[in-house]
Engineer: 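Handing you a structure now.
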Amino acid sequence: MARILIGVSGGIAAYKAVELARQATLAGHAVRVTMTDAASRFVGAATFEGITGAPVLTDEFSRDPLRGTYPGEDLPVHDPISHLAVVDSADAYAVAPASANTIAKLAAGICDSFLTTSFLACVAPRIVAPAMNGRMWEDAATQANVATLRERGVTVLEPGEGQLASRGEHGVGRMPEPPQILAAIESAAAVRADLAGRRVLVTAGGTREAIDPVRFIGNRSSGRMGVALAEAAARRGADVTLVAANVGMGVDGAVDRIDVTSAAELEAAAVRAFEDCDVLLMAAAVADFRPAARREQKIVREGGEDLGLALEPTADVLAGLAGRRRDGQVLVGFAAEHGGDFVARARGKLERKGIDAIVVNDVSDATIGFESADNEITVVTREGEYGPERGSKPEIADAILDRVAALL
Ligand code: CTP
């Protein structure tokens, strides 16, 4: 049984959302519905209320009689803010049908209705089932909005092809059928809890080794993969600590973030958090060498013609942690390899570092990795290889966590 919020926006397919609510309720889920004003021109709130046994949420400024709970639950004593409370305890939020207008608002983060406001506040898995005319679906604006949502980890289902609402038109834009939407909701909601009670330590970003007070040796890692892993693990119920090396972006969800700069700082923070963790996801690009001596003064051009920069090796943080592991901990490394038999090289690292899995990508492929939104990875474990898996970083993060959950 899951708590499911269904957001109904304006479109002829709103009548199919009634069937979705019915099927979800019959399957034993606790269902709440929020509708936009435009949706209520197509179907009535009374229909959803009869099916779900709960009032429909339409206005952010009205109190929810159920105080954010789902059918069958006890009411809290206090009266919370409705659009926050109803997503706080949701296991999944599905917007079906999602009109072109609503998709645009969700992509832009606009909050002008109960549906859009609660969508922005929702950290549970979010599913969007588009429904619109084929030309509206294919327009570059809609495609860009869909890509934005997917990049942020929202599951946007593919609309079906066939007869469209306007007479005589045929094309892509039909809302996916209710059983397909329900299956997507159920898999997203079930996934959510599989790391509940687990402590996950993630390292992300790229370390910087100071040469002098203004210069450093760094690398191109943006930290996006590690951040996506931290967010996905939190969504799936884990207690997450993120050691972030020079990560510019923010992190959504309940993640305990520790910012560090150098490999030595990253090592110290990781060692402190490692003892208590069940899973280590070592996604940071850690410098292998650092200047042997950091200059206290900024190096000047004059007299620096023959600037020999001596480097010394840093500690292998991951191998060091593997050396002090307890039973039951799962250690995952990450390797960006350049072409050739990159999977075999990654397997060599797995053996050398004494870890359970290594996630490898081929950085000779310019369309993936580093700053790009998409990635393609293979997970190498002691038992075998999984992938290649290609997708947005949030999708890849979930695929990696599926493997981790299996190893646990
Ligand atoms: N790693 C680490 N400490 C380092 C270097 C790397 O903990 N000083 C970790 C990375 O976070 C990653 C894994 O080791 O999870 C593999 O990183 P990679 O740089 O590919 O490994 P290296 O052993 O440094 O191999 P290479 O010589 O190919 O750089």
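One-based numbering, in listed order, for ligands and for the atoms of each.
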Engineer: My understanding is that we take every heavy atom of each candidate and find the minimum distance to atom 20 (O) of ligand 1. Doing that for His338, Lys349, Arg352, which one comes out nearest?
Structural biologist: Lys349
Engineer: Ignoring hydrogens and angles, tell me if any N or O in the side chain of Arg198 forms a donor-acceptor pair with the backbone of Asp278 under 3.5 Å.
Structural biologist: no
Engineer: Could you list which atoms of ligand 1 come closer than 4.0 Å to a heavy atom of Asp288?
Structural biologist: 4 (C), 5 (C), 8 (N), 24 (O), 29 (O)
Engineer: Should the heavy atoms of other residues, nucleotides or ligands under 6.0 Å from CD of Gln297 be counted, would the total exceed 12?
Structural biologist: no
Engineer: For atom 3 (N) of ligand 1, what is the closest protein heavy atom, and at what distance to 0.1 Å?
Structural biologist: Val317 N, 3.0 Å
Engineer: With heavy-atom distances below 4.0 Å as the criterion, list the atoms of ligand 1 near Ala287.
Structural biologist: 8 (N)
Engineer: Taking C-beta and beyond as the side chain, do Ile103 and Met132 meet within less than 4.5 Å on heavy atoms?
Structural biologist: yes
Engineer: Which residue holds the protein heavy atom closest to atom 13 (C) of ligand 1, what is that atom called, and what is the gap in Å?
Structural biologist: Phe334 O, 3.3 Å
Engineer: Checking a contact table here: which protein heavy atom is nearest atom 15 (O) of ligand 1, and how many Å away?
Structural biologist: Met282 O, 2.7 Å
Engineer: Hey, does Ala284 sit under 4.0 Å from ligand 1 if you only count heavy atoms?
Structural biologist: yes
Engineer: For ligand 1, is there an atom lying under 4.0 Å from some heavy atom of Gly320?
Structural biologist: no
Engineer: Evaluating non-hydrogen atoms only, which member of Leu331, Val286, Val332, Leu318 is closest to atom 4 (C) of ligand 1?
Structural biologist: Val286
Engineer: Can a salt bridge be assigned to the pair Lys349 and Asp316 using a cut-off of 4.0 Å between side-chain N and carboxylate O?
Structural biologist: no
Engineer: Looking only at atom types and distance, does a side-chain atom of Glu19 sit under 3.5 Å from a main-chain N or O of Lys16, one as donor and one as acceptor?
Structural biologist: no
Engineer: What atoms of ligand 1 come closer than 4.0 angstrom to any heavy atom of Thr314?
Structural biologist: 8 (N)
Engineer: Please list, chain by chain and in numerical order, all residues satisfying ring-ring contact (aromatic ring centres under 6.0 Å, His included) with Phe119, sequence neighbours excluded.
Structural biologist: Tyr93
Engineer: In terms of residue, atom name and distance, what is the protein heavy atom nearest to atom 22 (P) of ligand 1?
Structural biologist: Lys353 NZ, 3.7 Å
Engineer: Quick test of your reading of the model: are Asp356 and Arg325 salt-bridged, counting only N-O distances below 4.0 Å?
Structural biologist: yes
Engineer: Polar-atom distance check: Ala315 versus ligand 1, any N or O pair below 3.5 Å?
Structural biologist: yes
Engineer: Going by an N to O cut-off under 4.0 Å, is there a salt bridge joining Arg294 and Asp212?
Structural biologist: no
Engineer: Which of the numbered atoms in ligand 1 are under 4.0 angstrom from any heavy atom belonging to Gly333?
Structural biologist: 15 (O)
Engineer: Using the test salt bridge (Lys or Arg N to Asp or Glu O under 4.0 Å), find all partners of Arg290 that sit at least two apart in sequence or belong to another chain.
Structural biologist: Glu312
